[in-house]
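Here the structure comes first, spelled out in structure tokens, and everything after it is commentary.
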2 protein chains.
Amino acid sequence: MAVDPDHVLRAAAALLTRKSTATMDEVAKAAGISRATLHRHFAGRDALVRALESLGIAECEAALDAARLDDGTASEAVRRLVGAMEPAAGLLGFLYTENQLFEGEAQNPGWTLIDERISALFRRGQLGGEFRIDLTPAWLTEALYGLMASGAWMVQSGKGAPRDFQHMIVELLLGGALRREES
Amino acid sequence: MAVDPDHVLRAAAALLTRKSTATMDEVAKAAGISRATLHRHFAGRDALVRALESLGIAECEAALDAARLDDGTASEAVRRLVGAMEPAAGLLGFLYTENQLFEGEAQNPGWTLIDERISALFRRGQLGGEFRIDLTPAWLTEALYGLMASGAWMVQSGKGAPRDFQHMIVELLLGGALRREES
DNA sequence: CCACCATGAGACATTGATGTCTCATATGGA
DNA sequence: TCCATATGAGACATCAATGTCTCATGGTGG
């Protein structure tokens with residue numbers, strides 16, 4: 001009888017990931033509940049998006065924890081991170097574009113934390129001589145987001161296989177497109 | 001007296017790039033004309049977006065032509081392409097996200113042409129032994145879009161300098177984050 | 001079995017954007 | 001100068017989404 005708010009959020013995320021302009025009615029249908037009930041749990045579209053943002057932040061942090069960014073080489077950590085974030089990639093893409101609208105409003109500080117943890121990973125790789133130093137950690141972080149969004153889009157549109165997601169992103173992000181002799 | 005439709009389009013592109021949900025009223029104000037006049041030139045929001053899409057396609061094709069993708073090494077061609085597309089990167093980012101809404105409707109065939117030209121460039125690099133072959137041209141193309149969108153976002157939000165745009169994208173796309181002995 | 005409570009369905013007003021219309025004005029050309 | 005045309009300003013109806021409300025229902029716990 002009782003609606004599971006988490007299930008509703010996941011359904012909303014799945015729908016809004018594909019169609020970011022879906023109405024509350026469509027979200028409710030996607031979650032298998034009525035619009036009235038949806039509105040009882042989330043006071044409005046803003047509240048829903050904020051809840052999705054919190055969910056996205058939580059999943060990112062869980063992925064960051066699971067990836068153990070301080071263990072092993074930075075490259076291995078990046079690979080683990082991409083793999084751990086794959087399930088949340090679609091949601092991340094939605095929030096990534098959606099947050100550009102919140103111009104005036106303050107950005108959720110959770111993102112800053114996440115940015116800093118990922119930037120720290122790239123910085124660790126640079127200090128350890130593993131990563132090149134002419135690309136800033138901030139850019140590498142942003143590029144990781146962009147590549148994950150592109151990867152999620154490719155998988156979602158059927159242009160790429162889900163099993164290639166991690167490989168595509170990590171290989172391009174770390175190795176680049178150029179063919180190397182040594183490898 | 002006569003309104004320059006191209007000027008209106010550029011103003012609309014500049015605004016919608018920053019705020020993709022801007023109303024027709026805001027677009028009109030940004031272009032310095034009244035909403036009535038805006039509506040006289042573009043029969044509605046759909047028509048406006050379609051016109052922007054045509055503009056984006058035209059600018060992309062112009063950039064592709066200017067970059068002379070068949071000349072020199074593929075790497076050099078990629079570098080020229082990114083530089084040539086930089087002015088249109090913001091508009092591209094807008095259309096890239098906006099077009100995800102056109103689910104049912106057919107995608108403008110112009111994009112397919114552009115995709116194919118860029119894919120062909122990456123394929124040329126692979127056949128010439130310049131690019132690695134474990135990353136598909138389709139993925140490299142998509143990644144290029146994603147990185148350009150991220151780069152445009154960084155520049156636009158003030159987190160990155162415009163003069164670094166081309167370098168950031170090309171170096172990451174081609175060389176990757178890993179430090180190389182040979183270079 | 002009964003009371004309770006969450007839900008579903010739908011009506012309703014509100015809001016914001018849109019598209020259309022009219023009219024006054026100003027600009028440019030004949 | 002005079003006319004044609006494009007524009008600006010604003011009124012107006014329409015539409016879609018939203019938020020709120022009521023009421024009936026069905027499942028659950030006591």
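All of these numbers come straight from a predicted model, not from anything done at the bench. Each chain gets a letter, A, B and so on, in the order the sequences are listed, and its residues count up from 1.
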Inset, instruction - Could you tell me whether the side chain of B:Arg40 has a donor or acceptor atom within less than 3.5 Å of a complementary atom in the base of D:dG8? - result: yes

Legend entry - Qualifying residues under side-chain contact (heavy atoms from CB on, under 4.5 Å), relative to A:Lys29, sequence neighbours excluded: A:Asp25

Under 3.5 Å, N/O pairs linking protein and nucleotides 17-20 of chain C:
from, atom 1, to, atom 2, distance (Å)
C:dT18, OP1, B:Arg45, NH1, 3.3
C:dT18, OP2, B:Met24, N, 2.9
C:dG19, N7, B:Arg35, NH1, 3.1
C:dG19, O6, B:Arg35, NH2, 2.9

Legend entry - Contacts of B:Ala89 that satisfy side-chain contact (heavy atoms from CB on, under 4.5 Å) - sequence neighbours left out: B:Met148, B:Ala152, B:Phe165

Inset, instruction - Indicate whether OP1 or OP2 belonging to C:dA6 is found under 4.0 Å from a side-chain N or O atom of A:His41. - result: no

Inset, instruction - Could you tell me which residues satisfy side-chain contact (heavy atoms from CB on, under 4.5 Å) with B:Ser150, sequence neighbours excluded, listed by chain and number? - result: A:Tyr96, A:Trp139, A:Glu142

Legend entry - Donor-acceptor pair, side chain of B:Glu130 and main chain of B:Ser75, under 3.5 angstrom: yes

Inset, instruction - Would you kindly give the NZ-to-P distance between B:Lys29 and D:dG8, to the nearest whole Å? - result: 12 Å

Legend entry - Contacts of type side-chain contact (heavy atoms from CB on, under 4.5 Å), residue B:Thr37, not counting sequence neighbours: B:Val3, B:Ile33, B:Ser34, B:Arg40, B:His41

Inset, instruction - Please collect all side-chain hydrogen bond (donor to acceptor under 3.5 Å, both in side chains) contacts where either partner lies in residues 168-178 of chain A, sequence neighbours excluded, each pair once. - result: A:Arg79-A:Glu171, A:Glu171-B:Arg132

Legend entry - OP1 or OP2 of C:dT7 under 4.0 Å from side-chain N/O of A:Ser34: no

